[in-house]
There are 2 protein chains.
Amino acid sequence: MKVDYEVAIDTVKAMMAEPASALFDPQNCPVRDVFAHIGDKWASLILQILGLRPHRFGELRRAIPDISQAMLTGTLRSLQRDGLIYREVFPTRPPSVEYGLTELGQSLLGPVSALVVWTAEHHGRIRQSRTQYDLDNPPKKKKL
Amino acid sequence: MKVDYEVAIDTVKAMMAEPASALFDPQNCPVRDVFAHIGDKWASLILQILGLRPHRFGELRRAIPDISQAMLTGTLRSLQRDGLIYREVFPTRPPSVEYGLTELGQSLLGPVSALVVWTAEHHGRIRQSRTQYDLDNPPKKKKL
DNA sequence: CCGTATCCCAAAGGATACTG
DNA sequence: CAGTATCCTTTGGGATACGG
């Protein structure tokens, strides 16, 4: 599936132009709502990993060494609640649990990956910009 | 500019396949780094608004009624530091300040808008999924 | 092996008052 | 008008220990 960025930009502009656009309604804003999830520290990473293939709980832990068990469980729950991933329990001994993308999650993988690609391409320039900014704006001095 | 989601997905998969991929390096992961900014509660919203046209500080405040002055200032600083927006001061009395997208910010608008469009299209299904999940998983009971 | 519960600290974020 | 400083509350997220 292909997407034209110009069209997407215009679509969003049109959404914003509506009076009382949902985009500006703190209660009902899809952007804040969804970005709050996929934008969090771990969710998009998990999404990408599950995009490769389904993983078991322990596999995910090993794939993301610096995540705590509590956060992994919590993030998976949240994604599952949103219908982006499925959770399947196999009644083995000891039990094993597999996570994978639902169709909805799969459909999210495209736009998110596009953003990741942008990110990877421009990361250097962003870091450069930060360095420059910090040079121009040295840590402030207190009044004497 | 058009983007093929399949290509983006494959690109990211290739990035993840590399041994010691930067994507899994907590220190150097562009995804975490950039998502931490644009994924935050306000940054993407500001990006979209500035995509419409440059805005003054007060205009932004009015456009986003539920943002505190401190958060607005902080978010703008962060975006400026990353080189996504510019800040221009007009020496009027009283002074006025204009914010707008840089070229880099403009180039980010496409991928982010694509994600916003996805979000708007699927928000209903996500909310539905949440409701269903909450029905299936009633608030837990304490042990007696 | 998976998941939950608890505790605790650090950072995010809001309100308000003050300055250039 | 724009921005800073301070205070205070809420949340995010890590460590650990325990239960199914």
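Below, read A as the first sequence line, B as the second, and so on, with proteins coming before strands; counting in each chain starts at 1. Since the model is a prediction, treat every value here as computed from it, not as a measurement. Side chains included, hydrogens not; waters and symmetry mates left out as well; all remaining heavy atoms used.
Atom CG in Leu60(A) sits about 14 Å away from atom P in dC1(C), given to the nearest Å. Distance, Asp66(B) CG to dA12(C) P: 19 Å, rounded to whole Å. Following rounding to the nearest Å, Glu59(B) (CD) and dC1(D) (C1') show an atom-to-atom distance of 12 Å. Between the CG atom of Leu72(B) and the C1' atom of dC1(D) there is a distance of 13 Å, given to the nearest Å. Counting to the nearest Å, the P atom of dC1(D) and the CD atom of Glu98(B) are 16 Å from each other. Rounded to an integer number of Å, the gap from Arg61(A) CZ to dC1(C) P is 10 Å. Look at CZ on Arg93(B): it is 15 Å from P on dA2(D), rounded to the nearest Å. Atom CE of Met71(B) is separated from atom P of dT10(D) by 17 Å (rounded to the nearest Å).
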message: side chain to side chain donor-acceptor pair (under 3.5 Å), that's the test. Do Gln80(B) and Tyr99(B) meet it? Break it down for me.
response: CA-CA 9 Å; Gln80(B) 187 194 351; Tyr99(B) 295 92; 5.8 Å; no

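For Phe57(B), counting side-chain heavy atoms from C-beta on, the closest listed nucleotide (dA2(D), dC1(C), dA15(C)) is dA2(D). Across dT4(C), dC2(C), dC1(D), the shortest atom-to-atom separation from the side chain of Ser96(A) is found for dC2(C). Which of dA2(D), dG3(D), dG3(C) sits closest to the side chain of Arg77(B) comes down to dG3(D). Candidate nucleotides dC1(D), dG3(C), dC2(C) were compared by shortest atom distance to the side chain of Arg87(A), and dG3(C) ranks first.
In terms of position on DNA chain C, the residue among Ala70(A) and Val97(A) whose nearest nucleotide sits closer to the 5' end is Val97(A). A residue-by-residue look at Trp42(A) and Arg56(B) shows that Arg56(B) has its nearest nucleotide of DNA chain D further toward the 5' end.
One cannot find a donor-acceptor pair under 3.5 Å joining the base of dG14(C) and the side-chain atoms of Gln69(B).
Taking 4.0 Å as the cut-off between side-chain N and carboxylate O, Glu18(B) and Lys13(B) do not count as a salt-bridged pair. Salt bridge absent: Asp82(A) and Arg127(B) never bring a charged side-chain N and a carboxylate O closer than 4.0 Å. Checked for salt-bridge contact, Arg53(A) and Glu59(A) meet the test: a charged N lies under 4.0 Å from a carboxylate O.
His122(B) places a side-chain N or O within 3.5 Å of a backbone atom of Trp118(B) that can act as its donor or acceptor partner. Between the Ser129(A) side chain and the Arg81(B) main chain, a donor and an acceptor come within less than 3.5 Å of each other.
In the helix from dC1(C)-dG20(D) to dG20(C)-dC1(D), the end axes, each obtained as the rotation axis mapping the C1' atoms of four pairs onto the next four within a five-pair block, lie 40° apart to the nearest 10 degrees.
Contact annotation: Tyr99(B) side-chain N/O to dC1(D) OP1/OP2 distance is not under 4.0 Å. An OP1 or OP2 oxygen of dA11(C) is reached within less than 4.0 angstrom by no side-chain nitrogen or oxygen of Lys41(B).
No continuous path of hydrophobic side-chain contacts links Ile46(B) to Tyr133(A) [ILVMFWY only; heavy atoms under 4.5 Å].
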